[in-house]
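Following: one structure in C-alpha coordinates, then a few remarks.
For ligands, and for the atoms within them, numbers begin at 1 and follow the listed sequence.
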Amino acid sequence: TQAAFKRIAETDGKVEAFLALNEEEALKQAQAADEKGYADGNVLNGIPMGIKDNIVTDGLTTTAASRILEDFVPIYDATVVKKLKAAGAVNVGKLNMDEFAMGGSTENSYYKKTKNAWDLTKVPGGSSGGSAAAVASGEVIASLGSDTGGSIRQPAAFNGIVGMKPTYGRVSRYGLIAFASSLDQIGPMTRNVTDNALLLEAISGHDAKDSTSMNLEVPKFSANLNGKVAGMKIALPKEYFQEGVSAEIQDAVRKAAAQFEEMGAIVEEVSMPTLAYGIPAYYIIASSEASSNLQRFDGVRYGYRAENVNSLEELYIRSRSEGFGMEVKRRIMLGSFSLSAGFYDAYFKKAGQVRTLIKRDFANIFAGYDLILGPTTTTTAFGIGEKNDDPLAMYMDDLLTVTINLAGVPAISVPGGFSADGMPIGIQLIGNYFEEGKIYQAAYALE
Ligand code: GLN
(Lines give C-alpha, C1' and ligand atoms only; values in the text may rest on other atoms or scores of the structure.)
Protein backbone atom coordinates (compact mmCIF):
# COMPACT_ATOMS: atom_id res chain seq x y z
CA THR A 1 0.00 0.00 0.00
CA GLN A 2 2.88 2.35 0.75
CA ALA A 3 4.39 1.50 -2.64
CA ALA A 4 1.04 2.21 -4.29
CA PHE A 5 0.88 5.68 -2.74
CA LYS A 6 4.49 6.31 -3.73
CA ARG A 7 3.74 5.33 -7.32
CA ILE A 8 0.60 7.49 -7.31
CA ALA A 9 2.64 10.47 -6.06
CA GLU A 10 5.07 9.94 -8.94
CA THR A 11 2.62 9.31 -11.78
CA ASP A 12 -0.85 10.57 -11.04
CA GLY A 13 0.09 14.15 -11.83
CA LYS A 14 0.41 12.94 -15.43
CA VAL A 15 -2.14 10.11 -15.68
CA GLU A 16 -4.81 11.77 -13.48
CA ALA A 17 -6.65 8.55 -12.71
CA PHE A 18 -7.72 9.33 -9.13
CA LEU A 19 -10.53 11.58 -7.95
CA ALA A 20 -9.99 10.91 -4.23
CA LEU A 21 -7.27 9.23 -2.19
CA ASN A 22 -7.98 7.28 0.98
CA GLU A 23 -4.46 7.33 2.40
CA GLU A 24 -5.00 7.43 6.13
CA GLU A 25 -7.70 4.76 6.12
CA ALA A 26 -5.82 2.62 3.54
CA LEU A 27 -2.68 2.51 5.68
CA LYS A 28 -4.79 1.37 8.62
CA GLN A 29 -6.37 -1.35 6.43
CA ALA A 30 -2.87 -2.42 5.32
CA GLN A 31 -1.72 -2.60 8.94
CA ALA A 32 -4.72 -4.77 9.78
CA ALA A 33 -3.90 -6.98 6.78
CA ASP A 34 -0.35 -7.44 8.05
CA GLU A 35 -1.69 -8.46 11.44
CA LYS A 36 -4.14 -10.91 9.86
CA GLY A 37 -1.27 -12.56 8.01
CA TYR A 38 -0.82 -13.96 4.52
CA ALA A 39 -1.65 -17.60 4.92
CA ASP A 40 -2.70 -19.63 1.86
CA GLY A 41 -6.14 -18.90 0.52
CA ASN A 42 -5.99 -15.36 1.84
CA VAL A 43 -5.05 -14.03 -1.57
CA LEU A 44 -6.61 -10.56 -1.53
CA ASN A 45 -5.38 -9.67 1.94
CA GLY A 46 -3.37 -6.44 1.81
CA ILE A 47 -3.78 -5.93 -1.95
CA PRO A 48 -4.00 -2.21 -2.83
CA MET A 49 -6.97 -1.53 -5.11
CA GLY A 50 -8.82 1.40 -6.62
CA ILE A 51 -12.61 1.71 -6.92
CA LYS A 52 -14.55 3.40 -9.73
CA ASP A 53 -16.23 6.51 -8.40
CA ASN A 54 -19.79 5.33 -9.10
CA ILE A 55 -19.43 2.61 -6.44
CA VAL A 56 -20.35 3.95 -3.03
CA THR A 57 -17.78 3.90 -0.24
CA ASP A 58 -18.63 4.60 3.37
CA GLY A 59 -16.99 7.85 4.50
CA LEU A 60 -15.21 8.46 1.18
CA THR A 61 -16.48 10.85 -1.52
CA THR A 62 -18.42 9.21 -4.34
CA THR A 63 -19.25 11.59 -7.18
CA ALA A 64 -19.78 9.44 -10.30
CA ALA A 65 -17.58 12.22 -11.77
CA SER A 66 -20.61 14.55 -11.72
CA ARG A 67 -20.90 18.05 -10.33
CA ILE A 68 -24.32 17.07 -8.98
CA LEU A 69 -22.58 14.76 -6.48
CA GLU A 70 -19.68 17.05 -5.65
CA ASP A 71 -18.45 16.32 -2.10
CA PHE A 72 -21.10 13.61 -1.61
CA VAL A 73 -19.97 11.25 1.16
CA PRO A 74 -22.00 8.02 1.41
CA ILE A 75 -22.87 6.48 4.77
CA TYR A 76 -22.61 2.86 3.63
CA ASP A 77 -20.47 0.59 1.47
CA ALA A 78 -21.58 -1.05 -1.77
CA THR A 79 -21.82 -4.83 -1.39
CA VAL A 80 -18.70 -5.32 -3.55
CA VAL A 81 -16.74 -2.92 -1.34
CA LYS A 82 -17.93 -4.74 1.77
CA LYS A 83 -16.82 -8.06 0.28
CA LEU A 84 -13.40 -6.70 -0.66
CA LYS A 85 -12.93 -5.27 2.83
CA ALA A 86 -13.85 -8.63 4.35
CA ALA A 87 -11.23 -10.26 2.11
CA GLY A 88 -8.63 -7.80 3.41
CA ALA A 89 -8.15 -5.80 0.19
CA VAL A 90 -7.10 -2.20 0.71
CA ASN A 91 -9.09 0.66 -0.80
CA VAL A 92 -6.52 3.16 -2.02
CA GLY A 93 -9.02 5.61 -3.51
CA LYS A 94 -11.69 6.49 -6.06
CA LEU A 95 -11.13 6.47 -9.79
CA ASN A 96 -12.17 8.89 -12.51
CA MET A 97 -14.82 8.00 -15.10
CA ASP A 98 -17.25 9.52 -17.56
CA GLU A 99 -20.02 11.32 -15.69
CA PHE A 100 -22.55 8.68 -14.53
CA ALA A 101 -20.62 6.18 -16.71
CA MET A 102 -21.91 7.78 -19.90
CA GLY A 103 -19.16 7.85 -22.47
CA GLY A 104 -16.20 6.01 -23.90
CA SER A 105 -13.22 8.27 -23.24
CA THR A 106 -13.48 9.59 -19.63
CA GLU A 107 -13.59 13.08 -21.19
CA ASN A 108 -17.12 13.49 -19.80
CA SER A 109 -15.83 13.73 -16.22
CA TYR A 110 -16.68 17.04 -14.55
CA TYR A 111 -13.37 16.94 -12.66
CA LYS A 112 -10.41 15.91 -14.83
CA LYS A 113 -9.25 14.19 -17.99
CA THR A 114 -7.50 10.88 -17.33
CA LYS A 115 -4.78 9.95 -19.84
CA ASN A 116 -3.99 6.63 -21.49
CA ALA A 117 -1.21 4.89 -19.56
CA TRP A 118 0.68 4.12 -22.82
CA ASP A 119 0.43 7.56 -24.43
CA LEU A 120 -0.55 10.64 -22.46
CA THR A 121 -1.95 12.33 -25.58
CA LYS A 122 -4.56 9.58 -25.97
CA VAL A 123 -7.78 8.79 -24.08
CA PRO A 124 -7.83 5.89 -21.59
CA GLY A 125 -11.22 4.82 -22.92
CA GLY A 126 -14.31 4.87 -20.80
CA SER A 127 -16.30 5.03 -18.90
CA SER A 128 -13.96 3.18 -16.47
CA GLY A 129 -10.92 5.09 -17.82
CA GLY A 130 -9.49 5.87 -14.38
CA SER A 131 -9.83 2.21 -13.30
CA ALA A 132 -7.91 1.06 -16.40
CA ALA A 133 -5.18 3.72 -16.37
CA ALA A 134 -4.49 3.25 -12.64
CA VAL A 135 -3.86 -0.48 -13.13
CA ALA A 136 -1.92 -0.08 -16.40
CA SER A 137 0.36 2.60 -14.94
CA GLY A 138 1.17 0.48 -11.88
CA GLU A 139 -0.58 2.70 -9.35
CA VAL A 140 -2.69 -0.16 -8.00
CA ILE A 141 -2.65 -3.92 -8.53
CA ALA A 142 -6.33 -4.11 -9.46
CA SER A 143 -9.47 -2.03 -9.65
CA LEU A 144 -13.22 -2.30 -9.96
CA GLY A 145 -15.06 -0.87 -12.95
CA SER A 146 -18.64 -0.97 -14.15
CA ASP A 147 -19.87 -2.01 -17.58
CA THR A 148 -23.22 -0.99 -19.06
CA GLY A 149 -22.23 -1.15 -22.72
CA GLY A 150 -18.50 -1.81 -22.69
CA SER A 151 -17.13 0.42 -19.95
CA ILE A 152 -14.87 -2.24 -18.41
CA ARG A 153 -13.79 -4.00 -21.61
CA GLN A 154 -13.07 -1.01 -23.87
CA PRO A 155 -10.79 0.85 -21.40
CA ALA A 156 -9.11 -2.48 -20.56
CA ALA A 157 -8.42 -2.93 -24.29
CA PHE A 158 -7.16 0.66 -24.69
CA ASN A 159 -4.72 0.22 -21.78
CA GLY A 160 -3.49 -3.33 -22.40
CA ILE A 161 -5.03 -4.91 -19.29
CA VAL A 162 -7.65 -7.57 -18.49
CA GLY A 163 -11.27 -6.51 -17.88
CA MET A 164 -14.27 -8.76 -17.21
CA LYS A 165 -17.97 -7.91 -17.55
CA PRO A 166 -19.63 -10.74 -15.61
CA THR A 167 -23.01 -12.28 -16.41
CA TYR A 168 -25.87 -9.95 -15.48
CA GLY A 169 -26.81 -11.06 -11.97
CA ARG A 170 -23.42 -12.52 -11.04
CA VAL A 171 -22.32 -9.50 -8.98
CA SER A 172 -24.52 -7.41 -6.69
CA ARG A 173 -25.32 -3.91 -7.94
CA TYR A 174 -26.22 -2.70 -4.45
CA GLY A 175 -24.33 0.55 -4.00
CA LEU A 176 -23.56 1.00 -7.69
CA ILE A 177 -24.97 4.37 -8.77
CA ALA A 178 -27.45 3.22 -11.41
CA PHE A 179 -27.04 4.18 -15.05
CA ALA A 180 -29.15 1.54 -16.85
CA SER A 181 -30.25 -1.04 -14.32
CA SER A 182 -30.99 -3.87 -16.78
CA LEU A 183 -27.47 -3.60 -18.25
CA ASP A 184 -25.11 -2.47 -15.43
CA GLN A 185 -22.60 -4.92 -13.93
CA ILE A 186 -19.55 -4.35 -11.75
CA GLY A 187 -16.39 -6.26 -12.69
CA PRO A 188 -12.65 -6.61 -12.05
CA MET A 189 -9.82 -4.89 -13.97
CA THR A 190 -6.37 -6.42 -13.52
CA ARG A 191 -2.96 -6.95 -15.11
CA ASN A 192 -3.51 -10.65 -15.75
CA VAL A 193 -6.19 -13.32 -16.01
CA THR A 194 -5.39 -15.07 -12.71
CA ASP A 195 -5.81 -11.89 -10.65
CA ASN A 196 -9.04 -11.22 -12.50
CA ALA A 197 -10.50 -14.65 -11.73
CA LEU A 198 -9.56 -14.37 -8.05
CA LEU A 199 -11.13 -10.95 -7.79
CA LEU A 200 -14.37 -12.05 -9.44
CA GLU A 201 -14.59 -14.93 -6.94
CA ALA A 202 -14.38 -12.39 -4.14
CA ILE A 203 -17.07 -9.99 -5.38
CA SER A 204 -19.62 -12.48 -6.80
CA GLY A 205 -22.64 -14.02 -5.14
CA HIS A 206 -26.24 -13.55 -4.14
CA ASP A 207 -27.15 -10.41 -2.26
CA ALA A 208 -30.54 -9.94 -0.63
CA LYS A 209 -30.13 -6.21 -1.32
CA ASP A 210 -30.11 -6.73 -5.11
CA SER A 211 -33.10 -8.71 -6.30
CA THR A 212 -31.46 -9.23 -9.71
CA SER A 213 -28.43 -10.98 -8.22
CA MET A 214 -28.63 -14.72 -8.83
CA ASN A 215 -28.76 -17.24 -6.03
CA LEU A 216 -26.06 -19.51 -7.42
CA GLU A 217 -22.97 -20.95 -5.87
CA VAL A 218 -19.86 -19.04 -6.94
CA PRO A 219 -17.52 -21.39 -8.80
CA LYS A 220 -13.76 -21.28 -8.31
CA PHE A 221 -12.99 -19.33 -11.49
CA SER A 222 -9.27 -19.68 -10.84
CA ALA A 223 -9.46 -23.51 -10.77
CA ASN A 224 -9.23 -24.10 -14.53
CA LEU A 225 -6.27 -21.91 -15.31
CA ASN A 226 -4.22 -24.72 -16.80
CA GLY A 227 -3.73 -23.67 -20.43
CA LYS A 228 -5.96 -26.46 -21.74
CA VAL A 229 -8.38 -25.59 -24.54
CA ALA A 230 -8.18 -28.77 -26.63
CA GLY A 231 -11.64 -29.71 -27.90
CA MET A 232 -13.16 -26.36 -27.01
CA LYS A 233 -15.47 -25.05 -29.71
CA ILE A 234 -14.89 -21.40 -30.51
CA ALA A 235 -17.15 -19.35 -32.78
CA LEU A 236 -15.78 -16.53 -34.92
CA PRO A 237 -18.61 -14.31 -36.21
CA LYS A 238 -17.93 -13.10 -39.73
CA GLU A 239 -19.60 -9.75 -39.00
CA TYR A 240 -16.58 -8.79 -36.88
CA PHE A 241 -14.44 -8.61 -40.01
CA GLN A 242 -16.02 -5.53 -41.50
CA GLU A 243 -14.80 -2.19 -42.77
CA GLY A 244 -15.46 -0.39 -39.47
CA VAL A 245 -12.99 -2.62 -37.61
CA SER A 246 -9.33 -1.65 -38.18
CA ALA A 247 -7.25 -4.09 -40.23
CA GLU A 248 -4.65 -4.40 -37.44
CA ILE A 249 -7.34 -5.43 -34.96
CA GLN A 250 -8.83 -7.94 -37.41
CA ASP A 251 -5.34 -9.43 -37.82
CA ALA A 252 -4.91 -9.67 -34.03
CA VAL A 253 -8.18 -11.62 -33.78
CA ARG A 254 -7.12 -13.97 -36.59
CA LYS A 255 -3.83 -14.51 -34.77
CA ALA A 256 -5.67 -15.39 -31.57
CA ALA A 257 -7.89 -17.80 -33.54
CA ALA A 258 -4.78 -19.48 -34.99
CA GLN A 259 -3.27 -19.76 -31.49
CA PHE A 260 -6.41 -21.47 -30.23
CA GLU A 261 -6.35 -23.89 -33.16
CA GLU A 262 -2.71 -24.71 -32.52
CA MET A 263 -3.65 -25.58 -28.93
CA GLY A 264 -6.33 -27.99 -30.17
CA ALA A 265 -9.47 -25.86 -30.05
CA ILE A 266 -11.94 -25.95 -32.92
CA VAL A 267 -12.50 -22.51 -34.41
CA GLU A 268 -15.35 -22.05 -36.89
CA GLU A 269 -16.91 -19.11 -38.66
CA VAL A 270 -20.48 -18.26 -37.65
CA SER A 271 -22.90 -15.42 -38.33
CA MET A 272 -24.31 -12.89 -35.90
CA PRO A 273 -26.81 -11.00 -38.05
CA THR A 274 -28.11 -8.68 -35.31
CA LEU A 275 -24.71 -7.10 -34.54
CA ALA A 276 -25.55 -3.92 -36.45
CA TYR A 277 -28.73 -3.32 -34.43
CA GLY A 278 -26.90 -3.28 -31.11
CA ILE A 279 -26.03 0.42 -31.04
CA PRO A 280 -29.51 1.82 -31.79
CA ALA A 281 -31.20 -0.63 -29.38
CA TYR A 282 -28.61 0.02 -26.67
CA TYR A 283 -28.75 3.81 -26.85
CA ILE A 284 -32.55 3.79 -26.64
CA ILE A 285 -32.75 1.32 -23.74
CA ALA A 286 -29.77 2.69 -21.78
CA SER A 287 -30.93 6.30 -22.14
CA SER A 288 -34.52 5.45 -21.22
CA GLU A 289 -33.42 3.70 -18.03
CA ALA A 290 -30.98 6.53 -17.28
CA SER A 291 -33.68 9.19 -17.64
CA SER A 292 -35.68 7.33 -15.01
CA ASN A 293 -32.74 6.54 -12.67
CA LEU A 294 -31.44 10.10 -12.73
CA GLN A 295 -34.75 11.59 -11.53
CA ARG A 296 -33.50 11.18 -7.96
CA PHE A 297 -30.91 13.93 -8.45
CA ASP A 298 -33.28 16.78 -7.74
CA GLY A 299 -31.16 19.15 -5.66
CA VAL A 300 -33.09 18.13 -2.53
CA ARG A 301 -31.84 14.72 -1.53
CA TYR A 302 -28.24 14.59 -2.75
CA GLY A 303 -25.30 16.78 -3.59
CA TYR A 304 -25.44 19.98 -5.58
CA ARG A 305 -28.24 22.47 -4.92
CA ALA A 306 -28.74 25.72 -6.83
CA GLU A 307 -28.84 28.84 -4.68
CA ASN A 308 -31.22 31.82 -4.63
CA VAL A 309 -34.20 30.02 -6.11
CA ASN A 310 -37.79 31.27 -5.81
CA SER A 311 -39.78 28.04 -6.16
CA LEU A 312 -39.48 24.28 -5.90
CA GLU A 313 -39.71 23.98 -9.66
CA GLU A 314 -36.89 26.46 -10.13
CA LEU A 315 -34.84 24.51 -7.56
CA TYR A 316 -35.23 21.33 -9.64
CA ILE A 317 -34.56 23.02 -12.94
CA ARG A 318 -31.53 25.02 -11.88
CA SER A 319 -29.94 22.28 -9.75
CA ARG A 320 -30.19 19.81 -12.64
CA SER A 321 -29.19 22.35 -15.31
CA GLU A 322 -26.11 23.35 -13.37
CA GLY A 323 -25.32 19.93 -11.89
CA PHE A 324 -25.45 17.67 -14.98
CA GLY A 325 -23.00 17.82 -17.87
CA MET A 326 -23.86 17.91 -21.59
CA GLU A 327 -23.73 14.18 -22.29
CA VAL A 328 -25.91 13.33 -19.29
CA LYS A 329 -28.50 15.89 -20.42
CA ARG A 330 -28.41 14.45 -23.94
CA ARG A 331 -29.18 10.97 -22.57
CA ILE A 332 -31.98 12.23 -20.32
CA MET A 333 -33.61 13.96 -23.29
CA LEU A 334 -33.15 10.96 -25.58
CA GLY A 335 -34.55 8.64 -22.91
CA SER A 336 -37.51 10.84 -22.02
CA PHE A 337 -38.35 11.11 -25.70
CA SER A 338 -38.20 7.33 -26.29
CA LEU A 339 -40.43 6.70 -23.28
CA SER A 340 -42.98 9.43 -24.06
CA ALA A 341 -46.54 8.38 -24.89
CA GLY A 342 -46.33 9.30 -28.58
CA PHE A 343 -43.04 7.56 -29.30
CA TYR A 344 -42.92 4.61 -26.89
CA ASP A 345 -44.10 2.05 -29.45
CA ALA A 346 -41.76 3.28 -32.16
CA TYR A 347 -38.64 3.45 -29.97
CA PHE A 348 -38.57 1.87 -26.51
CA LYS A 349 -40.84 -1.04 -27.38
CA LYS A 350 -39.08 -1.65 -30.69
CA ALA A 351 -35.68 -1.59 -28.96
CA GLY A 352 -36.94 -4.24 -26.53
CA GLN A 353 -37.98 -6.44 -29.45
CA VAL A 354 -34.56 -6.01 -31.04
CA ARG A 355 -33.02 -6.96 -27.71
CA THR A 356 -34.90 -10.28 -27.87
CA LEU A 357 -33.51 -10.94 -31.35
CA ILE A 358 -29.98 -10.20 -30.14
CA LYS A 359 -30.43 -12.64 -27.23
CA ARG A 360 -31.57 -15.27 -29.74
CA ASP A 361 -28.47 -14.75 -31.86
CA PHE A 362 -26.27 -15.50 -28.85
CA ALA A 363 -28.42 -18.49 -27.83
CA ASN A 364 -28.14 -19.93 -31.35
CA ILE A 365 -24.36 -19.67 -31.32
CA PHE A 366 -23.98 -21.01 -27.77
CA ALA A 367 -26.11 -24.03 -28.69
CA GLY A 368 -23.12 -25.22 -30.71
CA TYR A 369 -20.09 -23.44 -29.25
CA ASP A 370 -18.36 -22.85 -25.91
CA LEU A 371 -17.14 -19.33 -26.60
CA ILE A 372 -17.24 -16.51 -29.12
CA LEU A 373 -13.95 -14.88 -30.12
CA GLY A 374 -13.66 -11.37 -31.51
CA PRO A 375 -12.23 -7.88 -31.10
CA THR A 376 -13.16 -5.63 -28.16
CA THR A 377 -12.95 -2.34 -30.03
CA THR A 378 -13.01 -1.08 -33.62
CA THR A 379 -9.82 0.99 -33.19
CA THR A 380 -7.06 1.43 -30.62
CA ALA A 381 -7.15 4.44 -28.23
CA PHE A 382 -7.82 7.72 -30.03
CA GLY A 383 -6.48 11.20 -29.28
CA ILE A 384 -7.82 13.35 -26.45
CA GLY A 385 -10.33 15.79 -27.95
CA GLU A 386 -10.58 13.85 -31.22
CA LYS A 387 -14.21 12.74 -30.82
CA ASN A 388 -15.40 14.87 -27.97
CA ASP A 389 -17.70 17.09 -30.02
CA ASP A 390 -19.04 14.22 -32.13
CA PRO A 391 -21.26 12.11 -29.84
CA LEU A 392 -22.43 9.89 -32.69
CA ALA A 393 -18.86 8.92 -33.61
CA MET A 394 -18.29 8.08 -29.95
CA TYR A 395 -21.48 5.93 -29.87
CA MET A 396 -20.49 4.04 -33.04
CA ASP A 397 -17.32 2.86 -31.31
CA ASP A 398 -19.43 0.67 -29.02
CA LEU A 399 -20.38 -1.70 -31.87
CA LEU A 400 -18.55 -4.72 -30.45
CA THR A 401 -19.47 -4.44 -26.77
CA VAL A 402 -23.12 -3.36 -26.37
CA THR A 403 -24.91 -6.47 -27.68
CA ILE A 404 -23.25 -8.44 -24.87
CA ASN A 405 -24.90 -6.25 -22.22
CA LEU A 406 -28.23 -6.39 -24.05
CA ALA A 407 -28.07 -10.20 -23.92
CA GLY A 408 -26.65 -10.24 -20.37
CA VAL A 409 -23.87 -12.71 -21.17
CA PRO A 410 -20.32 -12.42 -19.73
CA ALA A 411 -17.28 -11.24 -21.72
CA ILE A 412 -13.63 -10.46 -21.08
CA SER A 413 -11.11 -8.27 -22.86
CA VAL A 414 -7.52 -9.51 -22.80
CA PRO A 415 -4.39 -8.01 -24.38
CA GLY A 416 -3.83 -9.15 -27.95
CA GLY A 417 -0.71 -7.37 -29.12
CA PHE A 418 -0.06 -3.85 -30.33
CA SER A 419 -0.81 -1.63 -33.30
CA ALA A 420 1.97 -0.27 -35.50
CA ASP A 421 2.01 2.92 -33.42
CA GLY A 422 2.50 0.95 -30.20
CA MET A 423 -1.01 1.04 -28.75
CA PRO A 424 -2.54 -2.05 -27.08
CA ILE A 425 -5.18 -4.14 -28.88
CA GLY A 426 -7.93 -5.99 -26.97
CA ILE A 427 -9.27 -9.45 -27.78
CA GLN A 428 -12.78 -10.25 -26.56
CA LEU A 429 -14.00 -13.66 -25.41
CA ILE A 430 -17.75 -14.02 -24.83
CA GLY A 431 -19.35 -16.89 -22.92
CA ASN A 432 -22.81 -18.24 -22.26
CA TYR A 433 -24.68 -17.19 -19.09
CA PHE A 434 -22.66 -17.90 -15.90
CA GLU A 435 -19.80 -19.50 -17.84
CA GLU A 436 -17.12 -17.07 -16.73
CA GLY A 437 -15.02 -20.13 -15.78
CA LYS A 438 -14.74 -21.19 -19.43
CA ILE A 439 -13.87 -17.64 -20.46
CA TYR A 440 -11.05 -17.49 -17.93
CA GLN A 441 -9.77 -20.90 -18.99
CA ALA A 442 -9.47 -19.81 -22.62
CA ALA A 443 -8.20 -16.32 -21.77
CA TYR A 444 -5.46 -17.81 -19.62
CA ALA A 445 -4.38 -20.13 -22.43
CA LEU A 446 -4.03 -17.12 -24.74
CA GLU A 447 -1.94 -15.15 -22.23
N1 GLN B 1 -19.91 3.92 -24.10
C2 GLN B 1 -21.17 3.43 -23.67
C3 GLN B 1 -22.06 4.57 -23.27
O4 GLN B 1 -21.63 5.67 -23.37
C5 GLN B 1 -20.99 2.44 -22.55
C6 GLN B 1 -20.88 3.06 -21.20
C7 GLN B 1 -20.82 2.05 -20.07
O8 GLN B 1 -20.64 0.85 -20.27
N9 GLN B 1 -21.02 2.55 -18.88
O10 GLN B 1 -23.18 4.39 -22.88
Where on [X] is there a heavy atom closer than 4.0 Å to ligand 1, on the side chain, on the backbone, on both, or on neither?
X    : value
T148 : both
R153 : neither
A101 : both

- Between E239 and S271, do the side chains contain an N or O donor and an N or O acceptor separated by less than 3.5 Å?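 There is such a pair between these side chains.
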- Task: Indicate whether any N or O donor in one side chain lies under 3.5 Å from an N or O acceptor in the other, for T190 and D195.
- Result: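 Their side chains do not contain a donor-acceptor pair, so the 3.5 Å distance test is not met.
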- Task: Could you pull out, from Y283, Y395, F179, the option with a heavy atom nearest to atom 3 (C) of ligand 1?
- Result: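 Looking at heavy atoms only, the winner is Y283.
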- Matching residue for K438 among N432, N224, D370 - test: side-chain hydrogen bond (donor to acceptor under 3.5 Å, both in side chains): D370
- Task: Can you sort out which atoms of ligand 1 are near S127, meaning under 4.0 Å from one of its heavy atoms?
- Result: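 Counting atoms of ligand 1 from 1, those under 4.0 Å from S127 are 9 (N).
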- Message: Under 4.0 Å from a heavy atom of G149: which atoms of ligand 1 are those, numbered in the order shown and with their elements?
- Response: 5 (C), 7 (C), 8 (O)
- Is the backbone N or O of V229 less than 3.5 Å from a side-chain atom of Q441, with the two atoms forming a donor-acceptor pair by type? no
Would [X] count as a polar contact of ligand 1, with the cut-off being nitrogen or oxygen pairs under 3.5 Å?
X    : value
M102 : no
K52  : no
S146 : no

Which residue holds the protein heavy atom closest to [atom], what is that atom called, and what is the gap in Å?
atom                    : answer
atom 6 (C) of ligand 1  : S151 OG, 2.9 Å
atom 10 (O) of ligand 1 : Y282 OH, 2.6 Å
atom 2 (C) of ligand 1  : D398 OD2, 3.2 Å

Do the charged groups of [X] and [Y] touch, with an N to O distance under 4.0 Å?
X    : Y    : answer
E201 : K220 : yes
R67  : E322 : no
D77  : K82  : no
D58  : K85  : no

